[in-house]
Amino acid sequence: MKPARANLYLSLGCVGFALLLAFVWAPMDSGTGLIHKVRRQVSIGDALAPTLAAIMIGAGGVMVFLERRAPDQPGLTRGNLVFLLRFLAIMAVGFALMRWSGPMLVAVLNGDQDYRALRDTAPWKYIGFFIGGTGIIVTLIASTEGRLSLRAVMIAIAATLALIALYDLPFDDLLLPPNGDV
């Protein structure tokens with residue numbers, strides 16, 4: 001495939017996905033809009049994070065579109081597709097860990113209680129996000145470097161803890177993924 005054509009498809013795919021995410025998926029999957037206002041109390045709506053992600057994906061697609069005619073752009077190869085499939089497999093396993101590690105750990109350690117009742121209490125609300133997030137990050141780093149290292153594990157732990165600190169600690173009514181769906 002010619003380089004300009006591969007980048008054209010990539011950019012159109014990113015912009016199309018961003019539009020689908022912003023105008024179809026986020027509104028249909030969220031109970032509130034971008035900002036939720038009840039009795040002069042303003043809070044972040046359910047659709048804000050996916051809409052911001054859609055804006056970033058769309059902006060990336062536009063940037064790729066604008067650079068698609070650069071002479072040094074490589075074409076799409078079999079290695080690119082293998083990398084994409086490996087990336088998708090890592091994400092699928094990581095999201096499965098994120099979704100099921102919390103409920104499984106509660107069932108093993110605290111069998112008389114349901115995970116749904118504990119999903120907003122520490123440490124239970126952090127288990128799935130921490131295990132899945134750390135697993136995704138460390139596996140992506142190891143896949144890119146071609147080896148597993150202590151440095152990759154420490155970076156993954158620090159990045160996941162930073163995400164928890166940024167998203168959970170400042171907001172009282174925010175549930176970390178996947179706790180809202182459990």
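Just so you know, these numbers use all the heavy atoms, side chains as well, and skip hydrogens, waters and symmetry mates. Because the structure is a prediction, the values reported are computed rather than measured.
Here side-chain hydrogen bond (donor to acceptor under 3.5 Å, both in side chains) pairs that include residues 14-23, with residues two or more places apart or in two chains, number zero. Within the structure, every pair that satisfies the salt bridge (Lys or Arg N to Asp or Glu O under 4.0 Å) test and touches residues 152-170, not counting sequence neighbours, is listed here: Lys125-Asp168.
Here CG of Asn7 is found 10.5 Å from CG of Leu12. Values are rounded to the nearest 0.5 Å. Rounded to the nearest 0.5 angstrom, Thr139 OG1 and Ile90 CD1 are separated by 6.0 Å. Rounded to the nearest 0.5 Å, atoms OG1 (Thr51) and CZ (Phe23) are 8.5 Å apart.
Val24 forms part of a hydrophobic cluster together with Leu20, Met28, judged by ILVMFWY side-chain heavy-atom separations under 4.5 Å. Annotation for Ile137: hydrophobic cluster partners, listed by chain and number, are Ile141, Ile155 (ILVMFWY side-chain heavy atoms under 4.5 Å, direct or chained).
Contacts of Leu10 classified as side-chain contact (heavy atoms from CB on, under 4.5 Å), with partners at least two apart in sequence or in another chain: Cys14, Val64. Arg151 meets the side chain to side chain donor-acceptor pair (under 3.5 Å) test with Glu145; sequence neighbours excluded. Legend: residues meeting side-chain contact (heavy atoms from CB on, under 4.5 Å) with Leu150, ordered by chain and number and at least two apart, are Met154. Residues passing the side chain to side chain donor-acceptor pair (under 3.5 Å) test with Ser149, sequence neighbours excluded: none. With sequence neighbours excluded, the residues satisfying side-chain contact (heavy atoms from CB on, under 4.5 Å) with Val15 are Leu19, Val62. Applying the side-chain contact (heavy atoms from CB on, under 4.5 Å) rule to Trp25 yields the partners Phe17, Leu21, Asp29; only residues at least two apart in sequence or on another chain are considered.
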Would you give me the side-chain donor-acceptor pairs under 3.5 Å for residues 158-167, sequence neighbours excluded?
residue	atom	partner	partner atom	Å
Thr160	OG1	Thr134	N	3.3
Thr160	OG1	Thr134	OG1	3.2
Thr160	OG1	Ala156	O	2.8

Below 3.5 Å, can you tabulate the donor-acceptor pairs from side chains in residues 80-87 to any protein atom, sequence neighbours excluded?
residue	atom	partner	partner atom	Å
Asn80	OD1	Thr77	N	2.7
Asn80	OD1	Thr77	OG1	3.0
Arg86	NE	Ser143	OG	3.2

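The minimum heavy-atom distance between Pro27 and Ala22, with the atom names listed, is CD-O, 3.3 Å. The heavy-atom pair separating Leu148 from Val153 by the smallest distance is CD1-CG2, 4.2 Å. In terms of heavy atoms, Gln113 sits closest to Val106 at O-CG1, 3.6 Å. The minimum heavy-atom distance linking Leu8 with Ser11 is given by the pair O-OG, 2.8 Å. Across every non-hydrogen atom of Gly128 and Ser101, the tightest pair is CA-OG, 3.3 Å.
In terms of hydrophobic clustering, with Ile, Leu, Val, Met, Phe, Trp and Tyr side chains grouped at heavy-atom distances under 4.5 Å, Phe95 and Trp100 are assigned to different clusters.
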